[in-house]
Colleague: 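Dropping the structure in here first, questions after.
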There are 2 protein chains.
Amino acid sequence: MTPERALALLRHVPIFQGAQEADLLPLAERGHFLGLMRGRHLFQAGQTVESLYVVASGSVRVYRLARGGRRELTLHVEGPRQLVAGIAAFQSRAVYPAHAQALQSPTEVLALPVEAVRQAVFNTPTLAQAVIAYFARRQAELLGRLDSLVFSELGERLAAYLLDHAAETPHALPTNSELAALLGTVPEIISRKLGEFYRLGLIVLERRTVRVCDVAELARLAGHTVTAEDAAREAGR
Amino acid sequence: MTPERALALLRHVPIFQGAQEADLLPLAERGHFLGLMRGRHLFQAGQTVESLYVVASGSVRVYRLARGGRRELTLHVEGPRQLVAGIAAFQSRAVYPAHAQALQSPTEVLALPVEAVRQAVFNTPTLAQAVIAYFARRQAELLGRLDSLVFSELGERLAAYLLDHAAETPHALPTNSELAALLGTVPEIISRKLGEFYRLGLIVLERRTVRVCDVAELARLAGHTVTAEDAAREAGR
DNA sequence: CGACATCTTGATCAGGGTCAAACCCAGTGG
DNA sequence: CCACTGGGTTTGACCCTGATCAAGATGTCG
């Protein structure tokens with residue numbers, strides 16, 4: 001029974017697209033589903049890597065803690081058909097580099113033993129190729145994240161977030177703490193900045209639902225125009 | 001002539017260790033050497049990716065610019081036998097994500113056309129495997145970098161740098177601007193912090209050569225002890 | 001010796017982290 | 001129906017790190 005469902009899921013995972021059914025089957029056979037309540041952990045940073053996870057439903061947040069645990073930084077939030085610990089699975093000294101917890105209450109994931117995954121990937125050139133492309137993309141994302149965190153200030157990051165998630169449709173905001181973790185700060189500051197944006201008439205807030213009013217100005221704040229002009233200048237030098 | 005030298009170099013590149021001579025030969029044939037003076041660029045961020053580089057001698061700095069170019073952040077410095085743009089080479093929408101420039105005056109690199117590299121890697125399972133492991137390692141490094149930049153403050157980062165580079169042997173410091181780019185700040189602050197460390201008796205500075213006096217205290221400042229204890233606590237929860 | 005880069009240092013400022021109090025809601029149970 | 005409680009939010013006061021600007025000191029090299 002399980003292999004059926006597992007296979008159905010695997011078939012729809014982006015990086016497994018190129019693979020033959022036959023390559024996926026052994027993987028599906030060795031996987032098992034896991035149900036989690038909101039807040040439950042898939043793994044903690046520092047534990048030795050045993051599985052790679054594919055989200056079946058719900059969503060999973062991957063994050064790192066600052067020493068002392070006072071602050072946390074969300075690295076990514078993965079929805080259905082996305083991988084969790086996809087990179088850690090291929091590290092030699094295999095220890096999870098981050099924590100992962102379920103964000104929504106019925107979250108279901110498929111756990112795949114890492115050796116099985118490694119075997120499947122190493123034996124199937126098309127898979128290896130897909131994995132390489134995936135890693136490359138991930139790394140580019142991470143780089144983007146890095147310099148937005150290092151170079152730009154909170155206002156820009158928040159504006160960018162709002163444009164991403166609430167650009168045209170109203171959007172239910174996560175709690176301030178979740179936002180803070182996402183943007184690399186603390187809840188209080190999120191509250192202040194949102195208030196500021198509201199006072200400037202850029203957004204409307206109604207019971208944790210946000211609607212963007214002034215897209216143009218928000219984009220300016222997010223540094224989009226600047227970045228574009230910048231890229232041009234950079235290239236020209 | 002060139003293929004000879006290129007092959008000799010490739011044989012010593014860590015990620016090509018597992019490969020057969022025969023797999024490397026076509027690569028070597030399509031590569032060519034490039035000499036660069038200090039400060040010359042191998043490529044700029046935003047240019048389309050044409051080559052992957054292997055450092056033959058000297059060193060290459062890979063860095064990103066903040067919008068406006070006011071500040072820069074050094075991602076890594078690669079010495080002989082190391083790759084530059086190793087990840088970018090496998091991205092589909094292939095544009096360099098960073099700038100790369102020679103750091104020492106006679107720096108020599110071997111440029112390998114990306115399609116040649118891709119072919120070699122995709123046709124040789126052991127190579128693909130090595131590339132995957134390499135990417136995973138790189139990603140872990142980047143994550144470490146990220147949270148040291150986000151979570152810890154300058155004193156800690158500088159202390160960590162000093163421990164890394166000058167722990168027992170005296171070490172010729174790079175210029176303050178280079179240090180600043182490495183640690184994500186500006187030269188003035190580096191100057192102040194170094195002065196502070198000196199006044200505390202942690203280091204001795206003599207014409208840009210630094211020697212660490214109080215390793216223990218420096219390690220404490222770097223948060224090493226904290227981090228360790230932390231990891232333990234983390235794991236225990 | 002002059003030109004130029006780098007380093008040092010002071011003065012000042014802004015972003016944002018911290019702490020604490022007040023507030024705004026749900027639920028929940030009396 | 002109403003206090004009571006507890007999570008999340010808002011706000012004020014305060015402080016600290018690090019950025020910026022500007023002047024001077026130091027060095028290095030032709």
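Worth knowing before you read on, the calculation uses all heavy atoms, side chains too, and leaves out hydrogens, waters and symmetry mates. Reminder, nothing fancy here: chain letters follow the sequence lines and each chain counts from 1.
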Colleague: Counting the atoms with a prime plus P, OP1 and OP2 as sugar-phosphate, which does Leu154(A) contact under 4.0 Å by heavy atoms, base, sugar-phosphate, or nothing?
Modeller: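 The answer is sugar-phosphate, as Leu154(A) gets under 4.0 Å only of primed atoms, P, OP1 or OP2.
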
Colleague: Looking just at side-chain N and O atoms, do Gln101(A) and Arg61(A) make a donor-acceptor pair shorter than 3.5 Å?
Modeller: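 There is such a pair (donor and acceptor under 3.5 Å, judged by atom type) between the side chains of Gln101(A) and Arg61(A).
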
Colleague: State whether Glu196(B) and Arg199(B) are salt-bridged, where the test is any N-O pair (Lys NZ or Arg NE/NH1/NH2 against Asp/Glu carboxylate O) under 4.0 Å.
Modeller: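 The answer is no: the pair does not qualify as a salt bridge.
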
Colleague: Fill in the dot-bracket string of DNA chain D, one character per base: . for unpaired, | for a pair to another strand, ( ) or [ ] for pairs within the strand, taking Watson-Crick or G-U pairs under 3.5 Å.
Modeller: ||||||||.||||||||||||||.||||||

Colleague: In whole Å, I'd like the distance from the CG atom of Leu149(B) to the P atom of dG18(D).
Modeller: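 Rounded to the whole Å, the gap is 12 Å.
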
Colleague: If only side-chain N and O atoms of Thr185(B) are considered, is one of them under 4.0 Å from the OP1 or OP2 phosphate oxygen of dA19(D)?
Modeller: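 So the side-chain polar atoms of Thr185(B) do come within 4.0 Å of the phosphate oxygens OP1 or OP2 of dA19(D), strictly under.
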
Colleague: Is the shortest side-chain heavy-atom distance between Leu194(B) and Ile203(B) below 4.5 Å?
Modeller: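 Leu194(B) reaches Ile203(B) side chain to side chain.
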
Colleague: For Asn176(A) and dT11(D), what is the distance between atoms CG and P respectively, to the nearest whole Å?
Modeller: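 It works out to 11 Å between those atoms.
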
Colleague: Does NZ or CZ of Arg5(B) fall inside the cone over Phe33(B)'s six-membered ring, less than 6.0 Å from its centre and within 45° of the axis?
Modeller: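 Yes, a cation-pi geometry holds between Arg5(B) and Phe33(B).
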
Colleague: Quick one: is Arg71(B) getting a side-chain N or O under 4.0 Å of the dA19(D) phosphate, OP1 or OP2?
Modeller: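 Arg71(B) to dA19(D) OP1/OP2: side-chain N or O found under 4.0 Å.
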
Colleague: Just how far, in rounded Å, is C1' of dG18(D) from CG of Leu158(B)?
Modeller: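 So the CG-C1' distance, Leu158(B) to dG18(D), works out to 14 Å.
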
Colleague: Atom CZ of Arg192(B) to atom P of dA22(D): distance rounded to whole Å?
Modeller: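 To the nearest whole Å, that distance equals 15 Å.
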
Colleague: Tell me the interatomic distance from Glu188(A), atom CD, to dC14(D), atom P, rounded to whole angstroms.
Modeller: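 Rounded to the whole Å, the gap is 17 Å.
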
Colleague: Any pair with a residue in residues 162-189 of chain B that passes ring pair (Phe, Tyr, Trp, His ring centres under 6.0 Å), sequence neighbours left out, goes on the list, sorted by first then second residue, please.
Modeller: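 Passing the test, one end in residues 162-189 of chain B: Tyr161(B)-His165(B), His165(B)-His171(B).
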
Colleague: Measure distances between side-chain N and O atoms of Arg157(B) and base N and O atoms of dT17(D), and say whether any donor-acceptor pair falls under 3.5 Å.
Modeller: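 Result: no qualifying N/O pair found.
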
Colleague: Heavy atoms of chain B, cut-off under 4.0 Å: which first and last nucleotide of DNA chain C, 5' to 3', fall inside that, if you could look?
Modeller: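 Both ends considered, the range comes out as dC7(C) to dA11(C).
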
Colleague: Indicate whether any N or O donor in one side chain lies under 3.5 Å from an N or O acceptor in the other, for Arg138(A) and His76(A).
Modeller: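 Side chains of Arg138(A) and His76(A): pair found under 3.5 Å.
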
Colleague: Are more than 12 heavy atoms, taken from residues, nucleotides or ligands other than Arg208(B), located less than 6.0 Å from that residue's CZ atom?
Modeller: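 Count over threshold, so yes.
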
Colleague: For Arg207(B), which contact category applies under a 4.0 Å heavy-atom criterion: base, sugar-phosphate, or nothing?
Modeller: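 Sugar-phosphate, backbone atoms only, no base.
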
